[in-house]
Amino acid sequence: MIVTTRDSKRAQRAQHQAKKFCALATVLAVLFFCNTMIYAQTPPTAFLPLDIKSGGNAAELQTIVDRALQQALGDTSISFLMRSQAEQLVDYSGTWPPPPDKLQKIAEQTGTENLGVGQLTVIGNQLSIDIKLFDLLSPKTPTYYYKTAESVEQLPDMLQALVGEIERYVQREIRIGSITPEGNSRIDSGAILRKIKTKGGDLYDQAQLREDLKAIYRMGYFNDVQIDVSDSPKGKNIVFRVLEKPVIKSVIFKGVEELNEDDVKGAANITPHFILNPTKITEAEEAIRQLYKTKGFYNSQVNAKISYPDDTGAVVEFTIDEGNKIYIKEITVEGNEAFDDDEILDQIETGERWFMSWLTNSGLLDMTKIKQDMQKIVAFYGNNGYLDAKVADPVITQEEEWLYLKFVVEEGTRYRVGRVSFTGDNLGSEDELLQLLSVRNTEYISRQIIRDDILKLTDYFSEGGYAFASIRPRVLKAQDSDRMDIIFDIDKGSLVYIDRITIRGNTRTRDNVIRRELRIAEGGIFDSKALRQSTQALQRLQFFEEVNITPEPSIDPNRMNVIVEVKEKSTGTFSIGAGYSSVDNVIFMGQISENNFLGRGDTLALSANIGGASSLYNLAYTNPHVKDTELSWGMDLFSTEREYDDYTKESQGGGVRIGYPIFGQWRAYGNYSFTNTDLTDVSENASYIIRNSVDLHVTSALKFSLVRDTRNRRYGATEGSRNVVSVKYAGGPLGGDAEFTKVEGSTSWYFPLIFNTTLHLKGAAGQVFENETDKLPVYERFYLGGLSSIRGFEYGKVSPIDPVSGERIGGDKMWYTNSELIFPLLETQGLMGLVFLDFGQVLDDEQNFTEFNDSIKKSTGVGIRWLSPMGPLSLVWGYNLDPLEDEDDSVWDFSVGGTF
């Protein structure tokens, strides 16, 4: 006989299919056996069609009822006799239900032990069903069931409920009738039942009940849990009998000396009147040990003891052997080749013991902190090209009273930055996106720089209206190279518009005051940068304690609502204070102001400064946005008096001012002022310039200024600049006694440096012109010296001197420069130190700016600044680098407080 390869394969397939058939048959047989075993335990039960009593169309209702009953019995072990078969066995027109002997005869013919017989009665629209379930071994004691329905539509649900009750009854030997806990007095029964998976009506499953018992025991509240099972007409009643653990009567801590006992209690978290749980006691022991370790007690021992002195509860006693405080003697690193130990240890927070450890807790072993230090070391390597770097669990050894800590590093390969590219969506050219990235300018790859670049790209797209842009970086190793290519996958999503802007929390400030500060508008494109600028603008108002601008989704996925949430603060102030300066000695200050007048955002203020050599009274009103435009205006009424070395000046007057942004961050200001000035205490031998000024009472002047201020803060700025150019014109068509033109300019720049230091450079210059001879008042000329110009010289003492009278008469030109290096002394308290170098000069009418000669004043020195509770404090010691005979070698200048 010859067997071909094809025949062999057919034979193999046949064998394989036969095996599959046998396996399937086995599974079906097992399922059939299990099903048979369940139903074998259930007495056979049959249901006769219902006898229907109705005055209407009984035949139609009969069909509906039979179909509904048959469907209700479909998923049960109860069989249904068709009406045609039932009518051959029983007379539906006779007595109902049939007598017991007739029912027993039906049972013999159908092979059932239980028989359900029922009647449906219709009264109006209401239906009622009465069913008797006969146990044909004792048919004289049937079980009754009764239900009602309001309409035929409710009939299927009613029958379903009846059949469910009947099935549970006939299967009561294998079904759970009820589950209850007993013996619990403190633990709620509901809490126990929630741990039990077995439910009433489930099949009786001993294995599952054992699992339920274990679940109750694992709650930790019971010393013993047992199960009692009893039979009932509804099935097996399951009772979980529990023996509760005792309540903690008191908790005692012994041996606590070095630590605060409240801290130890908090770590233990064991309190009286709670149920005793040994697992919790063990956890408390470990928690106390860890607390002691974080405080330096590395060898502390904690033991818990539970006693029962009486029936009122348990006493838990923690005995603590604190031991001696142990510090870290040395921290080392192993496995590092690219970086030395100091570079790596600079990244971690854990430190060695030093002489100030008693105050700073440096040198203590804190495992939580050490885990964080391990992550910091990995991050440090990841930011320097070592993407595969790992840090193993540190090695901690103890030698006598010291601990030694070692970090074990596995550096891996150092990767350079390869090709940087983009995939997906784009707003502009690839070169434009590359300009945003910092990673392309670094030699070695850095995870932190990549994260920063993702934020830049996300912000770039968000500023363009793509609020849901997603940037996902992919870092791929270049083939046969130590370079990593970086691909930024960009999904910009849809362009998002602003739907509605809702303002909340403002009870006093008008909506328009807030809306005019916003850099966004309803219907406009979403712009994350504009949101940030809006927040900053509202915060600068100083009207609110908190400002939160939050985008929220709207119904349209391409639109967003913006919620502006503010928390208002008091804007009306009454303040009094005092200060001191080397010029005015003691200064008393007071102010009454309202910075949000009538909720319109206007400012109204009355202030007064009274010092030993000067006084100032001022009433000012400012409207920063006329009719919600960018135009501002204000007015002032003032009265001043100042004592100079050679005369006393008293002035009264007022002014009106306006302001408007012109381009970028430049703002233009205009100011008209009318001042009436009297000079007194002028000696007969005074300089001609001073005596001539006595007759120049009225100054009617118009001043125009351009200002650009980008400083990050007004006091203590660390970056940005302030630039001012101004021209003041008096007399002519404006009238008055004085006639002059005064031009001034200043530029001040702040540059942040390393170690939180700041370089501040300032330059200023000015010149005043007489528009008519002898019409320039002496007080409008230039004087330098003091804290605000050239330090190391007394206030106003840098000035030309009248050759005859020896009085300082000011000059018509001036310039000065300030160079400062500002550094923190106590940064958290805002105390800063500085070193400076100042140059400056005041020129008389005969000199010009090109004449750099011996009259240039030069000084250097040191100082401190502090934003104290009394106001800005400044203390400066200045040294005159080239003093004249009538000049001091050095000058102290001191000022604290400021105008309110």
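Position 1 is the first residue of the sequence, and the numbers go up from there. Note that these values count all heavy atoms, side chains included, but never hydrogens, waters or copies made by symmetry.
Between Glu182 and Arg241 there is a salt bridge, since at least one side-chain N of the basic residue sits less than 4.0 Å from a carboxylate O of the acidic one.
Side-chain atoms of Ser307 never come within 3.5 Å of backbone atoms of Pro309 as a donor-acceptor pair (strictly under, hydrogens ignored). Checking side-chain atoms of Glu317 against main-chain N and O of Ile306 turns up no donor-acceptor pair under 3.5 Å.
Checked against ring-ring contact (aromatic ring centres under 6.0 Å, His included), Phe80 has no partners two or more places apart in sequence or in another chain. Phe318 pairs by the ring-ring contact (aromatic ring centres under 6.0 Å, His included) definition with Phe253, not counting sequence neighbours. Remark: Thr458 engages Ile454, Ile471 in a side chain to side chain contact (heavy atoms under 4.5 Å, CB included) (not counting sequence neighbours). Shown here are the side chain to side chain contact (heavy atoms under 4.5 Å, CB included) partners of Leu89, two or more places apart in sequence or in another chain: Leu81, Ile106, Gln109, Thr110. For Glu165, the salt bridge (charged side-chain N to carboxylate O under 4.0 Å, His left out) test picks out Lys147, with sequence neighbours left out.
Atom CG of Leu115 sits about 8.0 Å away from atom CZ of Phe134, to the nearest 0.5 Å.
Residues Asn561 and Thr502 bring no donor and acceptor atom of their side chains to less than 3.5 Å of each other. Checked by atom type, the side-chain pair Thr509/Glu568 shows a donor-acceptor distance below 3.5 Å. Judged purely by distance below 3.5 Å, without hydrogens or angles, the side chains of Asp212 and Thr198 pair a donor atom with an acceptor atom. Under 3.5 Å, the side chains of Thr312 and Asp310 contain a donor-acceptor pair of N or O atoms. For the 3.5 Å distance criterion, the side chains of Glu565 and Thr550 fail to qualify, holding no donor opposite an acceptor.
Residues Asn506 and Ile503 share a closest heavy-atom pair of OD1-CG2, 3.4 Å. The two atoms that bring Leu73 and Ser79 nearest to each other are CD1-O, 4.3 Å, heavy atoms only.
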Ignoring hydrogens and angles, write down the donor-acceptor pairs under 3.5 Å from the side chains of residues 277-287, residues two or more places apart or on other chains.
| unit_1 | atom_1 | unit_2 | atom_2 | d |
| --- | --- | --- | --- | --- |
| Asn277 | OD1 | Thr279 | N | 3.0 |
| Thr282 | OG1 | Pro278 | O | 3.1 |
| Glu285 | OE2 | Ala304 | N | 2.6 |
| Glu286 | OE1 | Arg289 | NE | 3.3 |
| Glu286 | OE1 | Arg289 | NH2 | 3.3 |
| Glu286 | OE2 | Gln290 | NE2 | 2.8 |

